[in-house]
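All heavy atoms count here, side chains included; hydrogens, waters and symmetry mates do not. Note that the structure is predicted; figures quoted are calculated from it, not measured. Numbering of residues begins at 1 and proceeds along the displayed sequence.
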Amino acid sequence: MGVSVYNLARRKILSVLPKTAGAFAGVSVACAGMLPLRTAEALSTPVYQNVDFDIVARGQKVGGFSGRFQGDPSGQFIAATRNYITSDVYSVDAYNVETWNQGILTRLTGEGVNNGSAFRFELSGIGQGLSGSDQNRNRLAVPQNALPTTYWNKDFRRARRVINTTDGSDFGVRATELGLSTIRTAYGDIQVEKVRIRGAGLGLYNVVLSYDVNGDWTGLEFSLFGFDVLYQRK
C-alpha cells in the first residue's frame, strides 16, 4: 500500500530535528539566531525547535504532546507533532505533519487512532484552499487560513477557523482574551497570557491556551467528561 501518513509523520518527528532531552531548557530566552525559522514572515513560528508537554488529569499523567520544527532559507517550514492521551474515558494517538511555504499552510497529514477508531487524512493546496480525502475516500476541503489544532502556531489565538487534526474537517471559532495569569512549569512559575477558544466543532470546542513572554504556546486546559485536562510544558 506504500508508505502511510502515519509512518511519514513518525519519521518526521524522529528525524526532522535531533532528539535532545534537554533541548527545551531555557527556551523562553532562546536566541533567534539559533533557528532558521524566521524566513516566512506571515507564519508565526516558535522560538523553539522542540517542545514537549505532559498531559495531566486528576493529578496523574495521562499522555503527552511533542512538537519538532524545522525551517529553511527557502521559506519552507515543517511542524511534526504527536498528541496522545490514554484514559478510562477517552484515548487518542495522533501524528500530524504540517508543511508551510512562505507562511502559507500547503499540506497537512494526519494518522492515528481516535477513541478506538483508526483515522488517516491528507490535505494539500495553495491559493484556493486545501483539499484531499480521508481513509474512507471522503472528500475534504478547508480554507487556506484555517489553522490545525496542534496549537503551536502563535496565530492560533486569532484564528477564525481551525482544522480538527483527527479527521481533517474544519469549523469556526471565536477567541476571548483572558489576561495575565501564572502557571507552573518544570522551570518554575511563569507569567503567561491566556485566551479562550470556543467553537461548534468537536462537540462543543472550548479550550484555554497559554502563551509565554515570547508569545509562544506554553499550556492548554479543557474539560473532558467532567474532569480537567492540563497540558504542562516540560
Side-chain angles (χ1 to χ4, degrees), residues 2-53 64-83 94-112 120-132 140 142-159 161-163 165 168 170 209 211-218 233-234:
V3 179
S4 70
V5 175
Y6 172 90
N7 288 328
L8 287 173
R10 183 168 56 182
R11 290 176 189 173
K12 291 284 187 183
I13 290 172
L14 295 177
S15 66
V16 163
L17 296 169
K19 292 172 62 179
T20 306
F24 190 70
V27 68
S28 294
V29 293
C31 173
M34 291 172 59
L35 309 178
L37 301 183
R38 301 291 179 180
T39 55
E41 295 299 326
L43 171 65
S44 294
T45 55
V47 299
Y48 39 65
Q49 285 185 313
N50 308 305
V51 66
D52 295 280
F53 290 79
F65 177 98
S66 61
R68 304 293 179 256
F69 310 102
Q70 184 178 49
D72 64 38
S74 73
Q76 184 178 82
F77 178 86
I78 293 175
T81 58
R82 181 194 180 197
N83 185 69
Y95 294 83
N96 296 99
V97 179
E98 302 163 46
T99 301
W100 296 76
N101 285 284
Q102 302 299 327
I104 298 172
L105 180 63
T106 58
R107 188 167 183 262
L108 173 66
T109 63
E111 187 162 348
R120 184 178 67 255
F121 70 88
E122 179 174 342
L123 295 164
S124 62
I126 186 168
Q128 301 298 319
L130 302 169
S131 61
L140 301 169
V142 304
Q144 199 85 55
N145 62 352
L147 295 179
T149 53
T150 47
Y151 301 113
W152 60 267
N153 193 322
K154 299 177 188 181
D155 285 338
F156 198 89
R157 68 192 298 172
R158 291 178 287 275
R161 295 199 72 80
V162 300
I163 305 171
T165 47
D170 72 300
L209 296 163
Y211 295 89
D212 66 15
V213 294
N214 294 311
D216 288 316
W217 175 46
T218 192
R233 197 167 80 177
K234 296 166 67 176

For the side chain of Glu111 and the backbone of Glu122, is there at least one donor-acceptor N/O pair under 3.5 Å apart?
->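 No, because the side chain of Glu111 does not come within donor-acceptor range (under 3.5 Å) of the backbone of Glu122.
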Within the distance-only criterion (no hydrogens, no angle test), does the side chain of Asp216 pair as donor or acceptor with the backbone N or O of Val47 below 3.5 angstrom?
->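 Yes; at least one donor-acceptor contact below 3.5 Å.
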What class does the angle between the rings of Phe69 and Phe77 fall in, given that below 30° is parallel, 30 to 60° is tilted and above 60° is perpendicular?
->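 Phe69 vs Phe77 ring planes: parallel.
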Taking every non-hydrogen atom, the tightest pair across [X] and [Y]:
X      : Y      : value
Lys154 : Thr45  : CE-O, 3.4 Å
Thr99  : Gln76  : CG2-NE2, 3.9 Å
Val142 : Gly168 : CG1-O, 3.5 Å
Leu123 : Gly132 : CD2-N, 3.7 Å
Asn153 : Tyr211 : O-OH, 4.3 Å
Gly67  : Thr81  : CA-CG2, 4.0 Å

How far does [atom1] of [X] sit from [atom2] of [Y], to the nearest 0.5 angstrom?
X      : Y      : atom1 : atom2 : value
Lys234 : Asn50  : NZ    : CG    : 11.5 Å
Arg120 : Thr109 : CZ    : OG1   : 11.0 Å
Gln70  : Gln49  : CD    : CD    : 8.0 Å

Counterpart residues, side chain to side chain donor-acceptor pair (under 3.5 Å), relative to Thr165 (two or more places apart) =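 For Thr165, the residues satisfying side chain to side chain donor-acceptor pair (under 3.5 Å) (neighbours in sequence not counted) are Thr149.
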Can you name the side chain to side chain donor-acceptor pair (under 3.5 Å) partners of Trp152, sequence neighbours left out?
->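 Here the qualifying residues are Glu98, Thr150.
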Can a salt bridge be assigned to the pair Asp52 and Arg68 using a cut-off of 4.0 Å between side-chain N and carboxylate O?
->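 Between Arg68 and Asp52 there is a salt bridge, with a charged N closer than 4.0 Å to a carboxylate O.
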Do Phe121 and Leu108 come within less than 4.5 Å of each other through their side chains, counting heavy atoms only?
->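 Result yes, sub-4.5 Å side-chain heavy-atom pair found.
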Test item: Leu130 and Leu105 side chains (from C-beta on) under 4.5 Å apart, heavy atoms |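 Yes, their side chains come closer than 4.5 Å.
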State which residues pass ring pair (Phe, Tyr, Trp, His ring centres under 6.0 Å) with Phe156; sequence neighbours excluded, sorted by chain then number.
->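 Phe156: ring pair (Phe, Tyr, Trp, His ring centres under 6.0 Å) contacts with Tyr151.
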